[in-house]
Amino acid sequence: MNPSMAPPLSTLSPSTMAVSHFPLSKPFYPKPTSSTSSPSLQCHSSISEQLRPLSLSLLKDTPAHGESAHSKPTWLNPTKSKPNVISLVRHRKTKPTSNGNPQSLLLNPTLLQTLVSIPDSDKYLFFSTLTEAFPSPPSDDDVLFLLNSLYRHPKKSILLLEWLKESSFQLETIFYNLVLKSLRNTRQWDQIDRIASDMLHHGPQPDNITFSTVISAAHKCQRFEKAIEWFDMMYSAGVIPDEVTFSAILKVYAILGKKEEAIILYERGRATGWKPDHVAFSVLGKLFGDAGDQDGMLYMRDEMKRLNIVPNVVVYNTLINGFGRAGRPNIAKELFEEMCKLGVNPDERTLTAIFKIYGKYKRTHDAMDVWARMKENRWPMDQILYNTILTMCADLGMESEAEKIFEEMKQSYKCLPDKWTYSVMIKLYCRRSKSDCAWKLLFEEMPQRNLQPDVTCYTSLIDCLGKEGRVDDVVAAFESAMETVPSQIDDQLCCCLLSTMARCKDEMQMNAILACIEKASPMLHSLICMLWNESIGFDEIKKSFRELLSKAPINVRRPYCNCLIDMCTFRPGFPSDRPRELFHLGNIYGLYQGLQTQRLSEWSVDLRRLSLGAARAALDDWLESVAEAVEDSERLPPQFRIFTGYGLDRFKSALPNYLEGYLSDAGAPFHKSEKMAGSFVAEKADLLQWLHGQGILTVDVSEIL
DNA sequence: CTAGGGTTAG
């Protein structure tokens, strides 16, 4: 590095000095106490005034947390001068707008086309063309015009720069900045790194625009560590970042999930007197939102109020999304209503966010309300919003509304249904057991519109057909998937095949599905064969099961296990202890956590989210654990309860009905609870006697009772 | 693109 640039601020490298003087394990912000802003701050902008809320919030808690009682928050000590981590004035663009009259264009209107048409490798031709076009040196405006025009041709931008250098043209920072931007567009990180380093060592001096361009380029090229390196280098190069550069690096921290670093930087900026703008707040909002950090988002809201900043639509969008993701639909709704009231018009992304939330949290009423206001106020619409609304309809079971919107899309000219739209509609129909409608969309309409279905379309349909027992159609749909999307076939689809298998009526159907599974997943096929084979022991099953599960995504593991248990429970031909073995394995791999609860007054098992076979295995398992507790002389509660859930529709009532039958067939002393719908209870004495009668409990019950 | 930074979908 050029020693002449050795700066007084070289010790101030934010990411290496990112040692906080307050405990980072605690949130840096206090819990928001009230939502009112401090009126005393409204008409002041002196640094001490601006620091006040910060110092209050930071210093107050620190000693209380113990571990840092003796540390000095250097940044906030008003007796020392504060280091400038951020320049409070934005870098001024030296060049106003050019007068739009580059000589070159007047002299030679085809010059640009000529330059573009020259092969990148023909440096000689490129240079001689330029030399011919500019017998005297080009003006700054000429160069700017050319560089801007060569934005999409980064190699030629560099050649132009080289030519200028050779022509002893006075090169200014702005020219390099434009070349860097051009390189960023095509993500050529190494070139960018090289040119920017060259600037550092040989000039022209990089400025904030240079650094922000380099940082955002590193971001775009996924070279996040480089982004941080370059940011740190600014201080040693004597360039104090302004708020644009700040936002750029905060964004990088956000992507890396470096919340603490972002907070430290933000705070230091604030301590310097920075008043963050909307972009900074939207970056931080996204950061906290992704981290599910509600307090962070609330603190931001508070900061904006303190600074008298009304969030713009982007900031609102990040917050609404963030609170939705953090499981706070009410706060999201509040923000949405607040922005409407303040006259900040919601855009497509706002509405996408809010409908997604209303769908997820089953807010049908709120959704319909926004839908009506949308039409009334002619709020904007786009494809993603349409598809999100359809997804919401699917979640809320609003079939006829979805059909109406689907038709509306077909009529529209700019939001025609795409494959996402179809996938949502297929899912919606499948959830409502309308496999014929789904079939028609998948096999007729999509091909007509030249849309390629993805695997999820097939998976939905196969699942639905399987539940309807239409095994031949399952096979047909699977064959079609094998033909069109063979590489996409995944565990989720296999799981649906497996669940179909558990419902097969006869051996012929079983074999048909088994043949599909063999093509889709040889590993699953071999596990099924092993389960069938009586001579295969637990350890071998375990090994194969583990192999299957470890390769499957987490969300499919439990369904896999459920389906396997169902198959072994309800299909003839499997050894009788397979369901329990599989349930045991599922427990080993943490698939069935939290089913059992023990309170002093009651022990219970929650079977509500299990498949029929898995529920039965879990129930048997629970009853055995009660027997074991008796044998271990544990203290027992007076009452035992089984949660089965209750359902009004056929689908949801399957499990309670099945378990009720199972309990009564076994003569178990559980009866429907009157106080708590969806559960069965038994008294201790009745249960123990019955367990004894079943041979599950071997000790003499009368002694205990 | 007009020298730099921000938010949406199973």
Side-chain angles (χ1 to χ4, degrees), chain A residues 90-98 100 102 141 143-154 157 172-182 184-185 206-217 219-220 227 241-252 254 276-287 289-290 311-322 324-325 346-357 359-360 382-392 394-395 418-424 426-428 431 454-457 459-460 492 555:
Chain A
R90 214 188 258 212
H91 182 93
R92 265 180 65 96
K93 300 188 176 175
T94 49
K95 203 79 188 167
T97 41
S98 81
D141 277 349
V143 179
L144 285 180
F145 172 79
L146 284 175
L147 280 169
N148 276 321
S149 308
L150 291 176
Y151 175 75
R152 294 191 182 285
H153 308 273
S157 304
E172 291 173 41
T173 305
I174 181 172
F175 302 138
Y176 279 81
N177 291 347
L178 282 168
V179 173
L180 288 172
K181 223 174 61 142
S182 168
R184 182 182 62 183
N185 184 43
D207 60 15
N208 253 297
I209 295 176
T210 316
F211 282 105
S212 63
T213 307
V214 170
I215 289 167
S216 67
H219 170 184
K220 227 180 185 175
D242 65 9
E243 68 175 336
V244 175
T245 315
F246 238 55
S247 297
I249 197 66
L250 283 174
K251 181 71 220 173
V252 171
D277 67 357
H278 287 132
V279 177
F281 278 120
S282 74
V283 170
L284 288 168
K286 179 84 161 61
L287 173 103
D290 288 348
N312 66 5
V313 64
V314 179
V315 174
Y316 270 119
N317 291 350
T318 58
L319 290 177
I320 290 170
N321 270 312
R325 229 170 310 166
D347 64 7
E348 294 90 335
R349 294 178 176 212
T350 321
L351 296 164
T352 298
I354 204 75
F355 278 124
K356 188 181 155 194
I357 291 165
K360 184 172 168 192
D382 68 8
Q383 187 118 21
I384 293 181
L385 179 51
Y386 258 126
N387 289 339
T388 304
I389 292 174
L390 285 178
T391 305
M392 178 188 72
D395 289 339
D418 59 9
K419 66 180 201 180
W420 196 304
T421 317
Y422 274 93
S423 137
V424 174
I426 288 169
K427 211 160 292 163
L428 183 143
R431 256 186 234 171
D454 64 14
V455 71
T456 66
C457 298
T459 303
S460 305
Q492 210 164 329
N555 62 332

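In the text below, chain A, chain B and the rest are named by the order of the sequence lines, each starting its count at 1.
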Q: Would you please confirm or rule out a distance under 4.0 Å between OP1 or OP2 of B/dA9 and any side-chain N or O of A/Lys356?
A: yes
Q. Of all the choices, B/dA9, B/dG5, B/dT2, which nucleotide is nearest to the side chain of A/Asp418 once you look at every atom?
A. B/dA9
(Q) Could you check whether the side chain of A/Asp242 and the base of B/dG4 have a donor-acceptor pair of N or O atoms closer than 3.5 Å, going by distance alone? (A) yes
Q: Report the distance from atom OG of A/Ser212 to atom CD1 of A/Ile249, rounding to the nearest 0.5 Å.
A: 11.0 Å
Q: Please determine which of A/Asp242, A/Asp207, A/Thr210 meets the side chain to side chain donor-acceptor pair (under 3.5 Å) test together with A/His91.
A: A/Asp207
Q.
Any base atoms under 4.0 Å from A/Val283, or only sugar-phosphate, or nothing? Heavy atoms, all strands.
A. sugar-phosphate
Q: Quote, to the nearest angstrom, the P distance that separates B/dG6 from B/dC1.
A: 13 Å
Q: Have a look at A/Asp207 and say if it touches a base, only the backbone sugar-phosphate, or nothing, with a 4.0 Å heavy-atom cut-off.
A: base
Q | Any residue meeting salt bridge (charged side-chain N to carboxylate O under 4.0 Å, His left out) with A/Asp395, in chain and number order, not counting sequence neighbours | A | A/Arg431
Q: Tell whether A/Thr352 reaches the base of B/dT8 with its side chain through a donor-acceptor pair below 3.5 angstrom.
A: yes
Q) Expressed in angstrom and rounded to an integer, what is the separation of A/Leu180 atom CG from B/dC1 atom C1'? A) 14 Å
Q: Could you check whether A/Arg90 gets within reach of a base, just the sugar-phosphate, or nothing at all, counting any heavy atom under 4.0 Å?
A: base
Q: Have a look at A/Asn555 and say if it touches a base, only the backbone sugar-phosphate, or nothing, with a 4.0 Å heavy-atom cut-off.
A: nothing
Q) When the distance from CG of A/Asn177 to C1' of B/dC1 is rounded to whole Å, what number comes out? A) 14 Å
Q: Answer with yes or no whether A/Thr245 presents, from its side chain, a donor or acceptor under 3.5 Å of a partner atom in the base of B/dG5.
A: no
Q: Look at all strands and tell whether A/Thr456 reaches a base, only sugar-phosphate, or nothing, counting heavy atoms closer than 4.0 Å.
A: base
(Q) Whether A/Arg184 contacts B/dG5 is assessed here as follows: a side-chain N or O lying under 4.0 Å from the phosphate OP1 or OP2. Is that the case? (A) yes
Q) Once you round it to whole Å, what is the distance between C1' of B/dA9 and CD1 of A/Ile354? A) 15 Å
Q: Kindly point out which of B/dA3, B/dC1, B/dT7 is positioned nearest to the side chain of A/Lys251?
A: B/dT7
Q: Using side chain to side chain donor-acceptor pair (under 3.5 Å) as the criterion, list what pairs up with A/Arg349, not counting sequence neighbours.
A: none
(Q) Could you tell me if the side chain of A/Ile174 sits less than 4.5 Å from the side chain of A/Leu144, heavy atoms only? (A) yes
Q) On a plain distance test, is the side chain of A/Ser282 in donor-acceptor contact with the base of B/dG6 below 3.5 Å? A) yes
Q) Would you say the base of B/dG5 and the side-chain of A/Asp277 have a donor-acceptor pair closer than 3.5 Å? A) yes
(Q) Without decimals, in angstroms, what is the distance between A/Asp290 CG and B/dG6 C1'? (A) 13 Å
Q: Could you tell me whether the side-chain ring of A/Phe246 sits stacked on the base of B/dG5, using a centroid cut-off under 5.5 Å and a plane angle under 30°?
A: no
Q: Pick base, sugar-phosphate or nothing for A/Leu178, based on heavy-atom distances below 4.0 Å to the nucleic acid.
A: sugar-phosphate
**Q.** Spacing of CG belonging to A/Leu284 relative to NZ belonging to A/Lys251, to within rounding of 0.5 Å
**A.** 10.0 Å
Q: Report the distance from atom NE2 of A/His219 to atom C1' of B/dT7, rounded to the nearest whole Å.
A: 13 Å
Q. Base, sugar-phosphate, or nothing: which does A/Asn312 touch, judged by heavy atoms less than 4.0 Å apart?
A. base
Q | Name of the residue among A/Leu390, A/Thr388, A/Thr456 meeting side-chain contact (heavy atoms from CB on, under 4.5 Å) with A/Val424 | A | A/Leu390
Q) When the distance from CG of A/Leu147 to C1' of B/dC1 is rounded to whole Å, what number comes out? A) 11 Å
Q. Within less than 4.0 Å of OP1 or OP2 of B/dT7, is there a side-chain N or O belonging to A/Arg325?
A. no
Q.
Rounded to whole Å, how long is the line connecting atom CD1 of A/Ile174 with atom P of B/dA3?
A. 6 Å
Q. CD of A/Glu348 versus P of B/dT7: gap in Å, rounded?
A. 16 Å
Q) Of the candidate nucleotides B/dA9, B/dG4, B/dT7, which contains the atom at the shortest distance from the side chain of A/Lys286? A) B/dT7
Q. So which nucleotide from B/dG4, B/dA9, B/dC1 ends up closest to the side chain of A/Thr388?
A. B/dA9
